[in-house]
2 protein chains.
Amino acid sequence: MNDTKKVGRPKKFDRHQAVEDAIGVFWTKGYDGASMKLLTDAMGINSPSLYAEFGDKAGLYLEAIDHYANDDACEPLVALEREADIKDAVTVFLGAVINYSTSHPSGAKGCFLASCVSTSAGNVKGAANLLQDAIKGTDARIQARFDLEKARGTLPADFPSADQARLLFDLRQGLVFRARAGISDQELRQGITTAVAAVLASAYTAALR
Amino acid sequence: MNDTKKVGRPKKFDRHQAVEDAIGVFWTKGYDGASMKLLTDAMGINSPSLYAEFGDKAGLYLEAIDHYANDDACEPLVALEREADIKDAVTVFLGAVINYSTSHPSGAKGCFLASCVSTSAGNVKGAANLLQDAIKGTDARIQARFDLEKARGTLPADFPSADQARLLFDLRQGLVFRARAGISDQELRQGITTAVAAVLASAYTAALR
DNA sequence: CTTTTTTTGTATCATTCATTACAAAAACCT
DNA sequence: AGGTTTTTGTAATGAATGATACAAAAAAAG
């Protein structure tokens with residue numbers, strides 16, 4: 001991208017990598033638990049560099065949230081969009097959520113947004129807004145998959161895709177909450193079938209209403 | 001209970017009230033964000049009294065979790081058990097969750113367990129275990145209501161009450177997550193009907209499987 | 001009334017916190 | 001090479017943190 005040679009001593013760190021390292025610390029320790037020492041150690045930079053790059057701790061945090069929320073490569077969502085069959089898609093989505101929240105490479109459990117940012121939402125200015133945007137963005141991305149399926153005729157035309165999208169995402173919060181508490185992926189997986197049925201059930205019960 | 005006169009200067013605080021005041025601080029600020037100053041101010045005691053009573057900050061925290069998790073009077077659960085009709089019960093349960101997580105008297109948003117304890121689960125020794133117990137206890141309490149309904153014949157005998165209980169509780173985490181992010185109770189309420197249908201749908205779709 | 005016991009209140013402790021001053025280092029520019 | 005610019009690394013800042021020491025206070029016991 002912007003690898004154009006600039007005057008002055010070159011930076012020793014990659015901005016994206018630094019933010020992702022910071023996410024790992026925030027995610028495991030929470031905003032207040034993530035001390036500058038933990039952050040700089042994990043990011044491999046020293047505090048003056050951090051301050052020059054991100055302003056302050058809160059600035060880094062907001063950028064971490066933004067980076068995390070706008071990561072189009074989020075595995076569960078990609079899986080939801082990848083699988084051809086809608087039932088498979090929802091199933092694989094939930095499986096990916098469980099993988100993600102129980103065995104993330106960073107070692108963190110749960111979800112950065114649900115298990116860290118939510119706690120800090122009222123305490124770090126700007127965090128709540130970013131969190132709301134992330135939630136609504138994910139709702140919309142899930143709904144888009146359902147809408148696609150309606151266009152294909154695989155889901156009935158009156159399938160309430162917005163409602164069911166929120167429902168699926170809400171269910172996900174329950175899974176990552178359990179994962180954060182230390183419940184095993186094996187135990188979590190037992191609920192997948194039920195959840196898939198609940199999310200897609202309105203396709204079958206619609207006629208009954 | 002133990003109001004038996006004891007020798008020595010009497011305590012100036014009520015233990016239960018102090019713990020509940022502490023919960024309010026932890027809930028809004030998180031474990032690390034809840035400083036001793038904030039805690040002692042809210043509890044109306046000074047730090048030596050706090051340390052004498054609870055050992056240290058972590059001790060107070062664990063007691064707060066225990067107190068919160070074993071509160072049988074939890075409004076949403078009481079409502080779930082109170083309503084005669086099962087559909088009404090689930091509807092009122094979710095409504096109570098929304099009230100609770102958007103307008104709690106303490107001013108805190110979300111849920112103490114989902115929006116505070118979950119973040120600290122890996123960082124405060126003992127918290128994760130208490131959290132798991134709280135989750136499984138709530139699962140069981142919800143399931144009991146479904147089982148009661150099966151015994152009454154209102155729900156079919158093959159209604160998967162354990163699975164649907166976990167589903168309902170997971171859905172709840174999604175609601176309190178949204179509440180913590182600042183989404184209004186009005187907006188949250190729009191999803192209730194869909195959620196109720198999803199939780200009880202297997203009663204109607206069972207025949208189709 | 002004195003002693004004993006327990007809690008309170010104040011004042012303080014060493015640590016850790018987020019943040020910054022400043023000089024050496026490493027690049028490009030002329 | 002000499003000058004300019006930007007980042008690094010070290011070291012230090014004041015403020016806030018969790019936790020205590022200790023004396024005064026308030027009750028029952030003797």
Side-chain angles (χ1 to χ4, degrees), chain A residues 1-19 21-23 25-26 28-65 116 119-120 123-127, chain B residues 1-19 21-23 25-26 28-65 116 119-120 123-127:
Chain A
M1 324 273 175
N2 216 348
D3 266 357
T4 54
K5 295 284 178 183
K6 284 189 315 180
V7 68
R9 181 171 176 172
K11 292 180 185 174
K12 297 188 78 175
F13 62 94
D14 175 63
R15 198 168 208 277
H16 286 294
Q17 187 57 52
V19 171
D21 291 337
I23 289 176
V25 179
F26 284 128
T28 49
K29 310 290 290 186
Y31 178 76
D32 289 301
S35 68
M36 289 300 301
K37 167 137 184 59
L38 285 171
L39 286 167
T40 52
D41 284 357
M43 298 165 79
I45 65 179
N46 36 39
S47 42
S49 298
L50 192 155
Y51 276 80
E53 191 74 27
F54 302 103
D56 58 3
K57 184 181 166 180
L60 168 62
Y61 190 58
L62 295 179
E63 188 143 334
I65 299 174
C116 164
T119 298
S120 68
N123 305 310
V124 181
K125 198 186 296 185
Chain B
M1 318 278 180
N2 218 347
D3 266 357
T4 54
K5 294 284 179 184
K6 285 188 316 178
V7 67
R9 181 169 175 172
K11 291 179 185 174
K12 296 189 80 175
F13 63 94
D14 175 64
R15 196 167 210 277
H16 285 293
Q17 187 57 51
V19 171
D21 291 337
I23 289 176
V25 179
F26 284 128
T28 49
K29 309 291 289 186
Y31 178 75
D32 290 301
S35 69
M36 288 300 301
K37 168 139 185 56
L38 286 171
L39 286 167
T40 53
D41 283 357
M43 298 165 79
I45 66 179
N46 36 39
S47 44
S49 299
L50 191 156
Y51 278 81
E53 190 74 27
F54 302 103
D56 58 3
K57 184 181 167 181
L60 168 63
Y61 189 59
L62 295 179
E63 189 143 334
I65 299 174
C116 164
T119 298
S120 67
N123 305 310
V124 180
K125 198 186 297 185

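For clarity, every value in this text was computed on a predicted model and none was experimentally measured. We name chains A, B, ... by the order of the sequence lines, and we start the count at 1 in each one.
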S.K.: B:Asp32 has an atom CG; how far is it from atom C1' of C:dT15, in whole Å?
M.R.: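 Rounding to the nearest Å, CG of B:Asp32 and C1' of C:dT15 are 15 Å apart.
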S.K.: Can you tell me if the side-chain N/O atoms of A:Lys12 get under 4.0 Å from OP1 or OP2 in D:dG9?
M.R.: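 Yes, because at least one side-chain N or O of A:Lys12 sits under 4.0 Å from OP1 or OP2 of D:dG9.
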S.K.: Return the value, rounded to whole Å, for the distance between atom CE of A:Met36 and atom C1' of C:dT19.
M.R.: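 A:Met36 atom CE is separated from C:dT19 atom C1' by 8 Å.
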S.K.: Could you check how far CG of B:Leu39 sits from P of D:dT17, rounded to whole Å?
M.R.: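 Computing the B:Leu39:CG to D:dT17:P distance gives 11 Å.
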S.K.: Using side-chain heavy atoms (C-beta onward) and a distance below 4.5 Å, is B:Val19 in contact with B:Phe54?
M.R.: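 Yes - at least one pair of side-chain heavy atoms lies under 4.5 Å apart.
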S.K.: C:dA27, D:dG18, D:dG9: which one has an atom nearest the side-chain heavy atoms of A:Pro48?
M.R.: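 So the side chain of A:Pro48 is nearest to D:dG9.
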S.K.: Considering non-hydrogen atoms only, spot the tightest contact between A:Ala34 and A:Leu39 and give its length.
M.R.: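 Closest approach of A:Ala34 to A:Leu39, heavy atoms only: O-CD1, 3.8 Å.
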S.K.: Which listed nucleotide (D:dT6, C:dC17, D:dT8) is nearest to the side chain of A:Val7?
M.R.: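 Nearest to the side chain of A:Val7 among the choices is D:dT6.
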S.K.: Reading DNA chain C from 5' onward, which residue's closest nucleotide shows up sooner: A:Ala58 or B:Phe13?
M.R.: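 Taking each residue's closest nucleotide, the earlier one in sequence belongs to B:Phe13.
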S.K.: Compute whether any side-chain donor of one residue and acceptor of the other, for B:Asn123 and B:Ser120, lie under 3.5 angstrom apart.
M.R.: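 No, B:Ser120 and B:Asn123 have no side-chain donor paired with an acceptor closer than 3.5 Å.
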S.K.: Could you check whether B:Lys57 makes a cation-pi contact with B:Tyr31, meaning its NZ or CZ is under 6.0 Å from the centre of the six-membered ring and within 45° of the ring axis?
M.R.: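 Flagged: B:Lys57 positioned over aromatic ring of B:Tyr31.
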S.K.: It should be established whether B:Ser49 places a side-chain nitrogen or oxygen under 4.0 Å from OP1 or OP2 of nucleotide C:dT8.
M.R.: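 Yes, B:Ser49 has a side-chain N/O under 4.0 Å of OP1/OP2 on C:dT8.
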S.K.: Indicate, yes or no, whether a donor-acceptor pair under 3.5 Å links the base of D:dT20 to the side chain of B:Ser47.
M.R.: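 Check passes, donor-acceptor contact within cut-off.
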S.K.: At less than 4.0 Å, is any side-chain N or O atom of A:Asn46 found next to OP1 or OP2 of D:dG9? Yes or no.
M.R.: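 Yes, such a contact exists.
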S.K.: Output the rounded distance in Å from CZ (B:Phe26) to C1' (D:dG18).
M.R.: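 Taking CZ of B:Phe26 and C1' of D:dG18, I get 12 Å after rounding.
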S.K.: Here's a test of your reading of the structure: between A:Gly55 and A:Leu38, which maps to the more 5' nucleotide of DNA chain C?
M.R.: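 On the 5' side of the pair lies A:Leu38.
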S.K.: Show your reasoning for whether side-chain contact (heavy atoms from CB on, under 4.5 Å) applies to B:Met43 and B:Leu60.
M.R.: CA-CA 11 Å; B:Met43 298 165 79; B:Leu60 168 63; 3.9 Å; yes
S.K.: Counting side-chain heavy atoms from C-beta on, which of C:dA27, C:dA18, C:dT7 comes nearest to A:Pro10?
M.R.: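 Selected nucleotide: C:dA27.
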S.K.: Can you tell me how far C1' of D:dT17 sits from CG of B:Asp41, to the nearest Å?
M.R.: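 Distance check: B:Asp41 CG to D:dT17 C1' gives 14 Å.
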S.K.: Would you mind reading off the distance between A:Lys11 atom NZ and D:dT8 atom P, rounded to a whole angstrom?
M.R.: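 After rounding, the reported distance stands at 7 Å.
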S.K.: Taking the side chain of B:Tyr51 as heavy atoms from C-beta outward, which of D:dA19, D:dA11, C:dT8 is closest to it?
M.R.: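 From the listed options, D:dA19 comes nearest.
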S.K.: Can you check the B:Lys37 NZ to C:dT10 C1' distance for me, whole Å?
M.R.: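 Rounded to the whole Å, the gap is 13 Å.
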S.K.: When you match A:Ile45 and B:Arg9 each to their closest nucleotide on DNA chain D, which lands nearer the 5' end?
M.R.: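 Residue closer to the 5' terminus by nearest nucleotide: A:Ile45.
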S.K.: Figure out the CZ/P separation between B:Phe54 and C:dT7, and round it to whole Å.
M.R.: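 Computing the B:Phe54:CZ to C:dT7:P distance gives 12 Å.
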